[in-house]
4 protein chains.
Amino acid sequence: MNLRKGILNIERLVEVKRDKGIGVLIPKINLLFSPPIKKEKVIKAIDGEVKKETLALEDLCKRICMQILNLGAKEVFVDMQAEYATTKLTPKTKQETQTTYKIIARTFGNKEKLTNALGVEVVGISACPCAQEEIRKKLNLGNKIPLPTHNQRKITTLIIENPRNIDVEELIEIIEKSMSACIYEVLKRSDEVEVILKAHENPFFVEDIVRNVLFNVKNFDLNKNSKIYVRSVSLETIHQHNAVAEKVVRFGELEVD
Amino acid sequence: MNLRKGILNIERLVEVKRDKGIGVLIPKINLLFSPPIKKEKVIKAIDGEVKKETLALEDLCKRICMQILNLGAKEVFVDMQAEYATTKLTPKTKQETQTTYKIIARTFGNKEKLTNALGVEVVGISACPCAQEEIRKKLNLGNKIPLPTHNQRKITTLIIENPRNIDVEELIEIIEKSMSACIYEVLKRSDEVEVILKAHENPFFVEDIVRNVLFNVKNFDLNKNSKIYVRSVSLETIHQHNAVAEKVVRFGELEVD
Amino acid sequence: MNLRKGILNIERLVEVKRDKGIGVLIPKINLLFSPPIKKEKVIKAIDGEVKKETLALEDLCKRICMQILNLGAKEVFVDMQAEYATTKLTPKTKQETQTTYKIIARTFGNKEKLTNALGVEVVGISACPCAQEEIRKKLNLGNKIPLPTHNQRKITTLIIENPRNIDVEELIEIIEKSMSACIYEVLKRSDEVEVILKAHENPFFVEDIVRNVLFNVKNFDLNKNSKIYVRSVSLETIHQHNAVAEKVVRFGELEVD
Amino acid sequence: MNLRKGILNIERLVEVKRDKGIGVLIPKINLLFSPPIKKEKVIKAIDGEVKKETLALEDLCKRICMQILNLGAKEVFVDMQAEYATTKLTPKTKQETQTTYKIIARTFGNKEKLTNALGVEVVGISACPCAQEEIRKKLNLGNKIPLPTHNQRKITTLIIENPRNIDVEELIEIIEKSMSACIYEVLKRSDEVEVILKAHENPFFVEDIVRNVLFNVKNFDLNKNSKIYVRSVSLETIHQHNAVAEKVVRFGELEVD
């Protein structure tokens with residue numbers, strides 16, 4: 001690898017023209033390029049692109065990459081992460097509630113080949129299948145009653161290369177249906193019961209969630225060389241440490257696992 | 001308040017002579033004093049005290065305070081926080097497992113009166129009583145079977161002024177018995193079942209945990225003017241946000257609540 | 001103090017109707033109330049207020065407080081912090097450059113009396129006067145030539161109670177003129193020289209910056225009981241630790257120092 | 001890549017038998033392994049190794065890796081990072097002052113081949129050569145007088161694969177002599193002048209520091225395939241963002257740059 005120079009923690013307000021939701025993001029931008037270019041030129045290029053019309057964060061990311069290549073870089077890497085606010089309906093009483101997700105846009109490569117990636121980080125819940133099974137055995141209970149187990153706050157990330165026309169909302173949906181249950185900022189009692197019972201009826205290990213996400217990604221129409229990156233971190237309630245599972249795989253090799 | 005100057009994020013390795021456990025701590029030290037004194041003198045004073053024999057972090061904290069007063073400060077505030085490693089036995093199979101806690105020593109005041117405080121931050125688990133009750137009602141089940149509910153990683157802090165001869169291990173014990181259950185780094189299956197069932201048989205709201213801690217603090221023999229500070233933060237598994245409860249109260253007013 | 005319950009790390013996208021700049025903020029909201037109220041009701045109240053027209057973050061903060069009091073709280077504390085993006089011109093070549101600041105809105109009290117506070121956190125530069133003077137003596141140089149010294153990234157916070165019609169931009173301006181120099185995201189060489197020379201011609205200790213801010217605050221027309229809170233943290237370049245200075249004072253007592 | 005499972009944020013107190021300095025470290029341990037193994041077995045293995053005599057953090061890291069391979073892992077990655085406290089003498093008045101560094105031990109691979117790496121993160125100062133030169137031109141001054149420029153807190157990391165008998169102190173030394181100047185927790189006035197003048201006489205861009213470190217690494221006797229990783233982050237005093245430079249290179253290819 002050549003020496004790479006870069007800039008970290010640039011924050012810019014970006015207006016994004018979207019059909020749904022309010023189109024303002026304040027991404028944190030980290031970038032690396034090789035060989036070194038004067039930092040002020042790079043930031044001026046970013047500011048120029050931020051002012052132009054932007055349809056999606058990943059487009060801005062790509063345009064910034066191209067500007068840095070135009071400034072003389074042979075290699076470039078740009079990562080942008082922003083809070084994205086949207087609304088969803090609670091499961092039972094169907095109330096609208098705002099939720100935020102972290103969206104990730106990443107472009108890297110050179111003049112010959114730039115790779116784009118789009119990603120999202122989603123918080124959800126998982127219930128542990130192992131402890132639940134042990135409790136069932138110990139209490140000698142049948143399969144009908146949902147039994148207690150420890151459940152955890154789970155932070156799951158999915159990043160897809162060459163996402164074509166995939167929208168960030170589709171990535172969020174995939175993760176949310178891959179966890180034991182989806183979580184909400186406001187829950188009435190009947191909603192809460194619904195979320196908890198669903199989580200306990202769908203207990204998953206952290207590695208199961210990675211597999212579920214990959215299984216759901218298969219429905220996309222992606223280039224077979226596109227890399228898929230999945231990571232799930234579990235804030236254990238019965239331990240101080242966190243559990244994690246991750247997998248990086250090309251779309252064309254998704255069947256084999 | 002007069003203008004206060006200070007130094008943040010000082011790290012020092014401190015050897016503590018203790019009967020139990022290994023006596024090395026690497027506290028982060030934050031301090032404020034008024035009027036301004038040259039920073040280098042303050043740090044030299046800290047380094048001098050760090051080299052002397054220390055029997056407990058709170059003693060070092062007090063000695064540093066006095067040194068800063070000797071340098072000409074009229075008012076001083078010193079806060080030290082360190083990871084403290086100790087061992088405990090798992091509930092069922094009685095295996096020894098190492099755990100770390102954050103311990104807090106704080107001294108503040110002036111030449112006439114210095115107040116010392118000792119505290120600890122402990123991670124544990126709580127199970128939610130409300131959702132459990134709703135599930136019981138919905139499934140029309142009796143009281144015998146432990147029913148599922150969402151459970152959370154809970155970070156609880158207890159700080160006590162003028163702790164006299166109270167040891168940090170006693171503060172840890174109080175918090176651990178105030179949560180739904182105590183957690184461990186290693187748990188065999190039968191230990192895990194024990195922890196989870198205990199948590200589900202002792203469901204608590206975040207404010208209950210604060211009350212439990214205060215109830216247990218009553219057994220100490222403290223000066224009635226000593227302030228007790230309790231805070232519990234709940235990393236909710238069914239929400240992105242955290243819940244919190246806190247109370248600051250003088251020991252002599254603990255009955256009244 | 002009574003037991004207070006609360007919610008931490010709520011994130012909401014808020015549209016703010018402003019004359020200048022783009023009116024979108026994504027504040028992190030922390031709140032405490034006493035006695036405990038059901039968390040879901042509080043979040044629903046927040047969501048209701050977020051949807052209404054908002055002219056400033058501090059208005060939203062106040063409205064949320066009042067809603068929580070309406071839900072039965074006797075005491076309430078709400079803190080909102082958001083990235084705020086605006087543009088400024090570089091000192092020499094007058095180029096427009098985007099900068100972000102953290103703005104802070106805070107409301108607390110009870111039905112009889114609510115106190116509002118508005119604040120801002122600004123990053124700037126300071127140069128150390130002491131080392132500069134020592135170098136002047138050592139090299140036996142006159143006063144004309146700007147001599148080197150260590151300079152630091154400085155993070156300065158100003159919060160004002162009952163700000164009446166003060167705009168956040170006025171608070172930013174006060175801090176920026178209280179540091180050794182104002183900083184920019186993009187600087188051409190001649191701008192850079194300007195910033196560095198200005199900083200070296202206005203060397204300040206961290207406590208000087210607090211005094212400068214307070215001196216500038218005096219020009220406001222505030223209630224004499226309004227508390228002013230100033231804090232400046234210095235990321236020292238010649239030490240691992242940070243220096244800090246802070247002062248809390250009522251507006252009516254600002255003269256006396 | 002196969003699915004990897006892991007554990008994050010394990011903290012353990014480790015006693016290290018060293019000739020110099022106090023031998024206690026509290027590393028944070030992150031690890032990944034494939035295929036999934038029961039987490040409790042992994043933590044039990046860690047606890048077992050922590051109890052044994054340890055001569056260096058990197059040895060413990062390697063032993064933990066081997067235990068996880070013995071538990072059935074085909075691939076394993078272990079990263080340990082700990083605060084390391086040592087003392088150095090100030091440049092002029094030769095006073096002893098305690099400093100902390102972050103040390104990094106990393107082992108990864110499989111039963112056939114395990115790679116060990118040792119690293120360190122050091123905080124220092126750099127002065128900017130570009131602005132200094134511009135100021136010299138503008139003020140039309142000769143080369144004798146050290147001119148002001150902005151200087152930054154610099155966080156530099158060096159990690160070396162297969163370090164053989166290299167001690168962490170040697171890595172610290174290399175970074176400290178590669179920055180504009182070394183920093184200290186306590187500095188008398190004459191020390192301070194020394195540090196500042198040295199920094200201003202050795203101005204470096206962030207990429208220069210990476211090159212300096214690599215130049216100094218050449219004196220080691222390493223396997224030509226050993227990868228060297230260098231990264232330097234600059235907390236800019238005239239900007240809100242940080243600058244960064246990094247390079248990963250095999251020891252045998254160090255000449256070519």
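The chains referred to below are lettered A, B, ... by the order of the sequence lines, with proteins before strands, and numbering in each begins at 1. Quick caveat, the model's predicted, so the values are computed rather than measured. Side chains are part of it too, since the values below use all heavy atoms of this structure and drop only hydrogens, waters and symmetry mates.
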**Asked** side chain to side chain contact (heavy atoms under 4.5 Å, CB included) with D:I183: which residues, sequence neighbours excluded?
**Response** C:Q240, D:V123, D:I125

Just list the side-chain donor-acceptor pairs under 3.5 Å for residues 32-43 of chain D, sequence neighbours left out, or say none.
residue, atom, partner, partner atom, Å
D:S34, OG, D:L3, O, 3.0
D:K39, NZ, A:H241, NE2, 2.9

**Message:** Are more than 12 heavy atoms, taken from residues, nucleotides or ligands other than A:K74, located less than 6.0 Å from that residue's NZ atom?
**Reply:** no

**Portion of A:V248 that has a non-hydrogen atom of chain D nearer than 4.5 angstrom** = both

**Item:** Positions in residues 223-239 of chain D that reach chain A, provided some heavy atom is under 4.5 Å away
**Value:** D:R231, D:V233, D:E236, D:H239

**Asked** So do D:V206 and A:K5 actually touch side chain to side chain, heavy atoms under 4.5 Å?
**Response** yes

**Request:** Would you please name every residue forming a side chain to side chain contact (heavy atoms under 4.5 Å, CB included) with D:L114, sequence neighbours left out?
**Result:** D:C65, D:M66, D:L69, D:V76, D:T107

**Asked** Can you tell which of A:I10, A:L8, A:N9 has the highest number of heavy-atom pairs within less than 4.5 Å of chain D?
**Response** A:L8

**Asked** D:V244 and A:I7: which non-hydrogen atoms are nearest, and at how many Å?
**Response** CG1-N, 4.0 Å

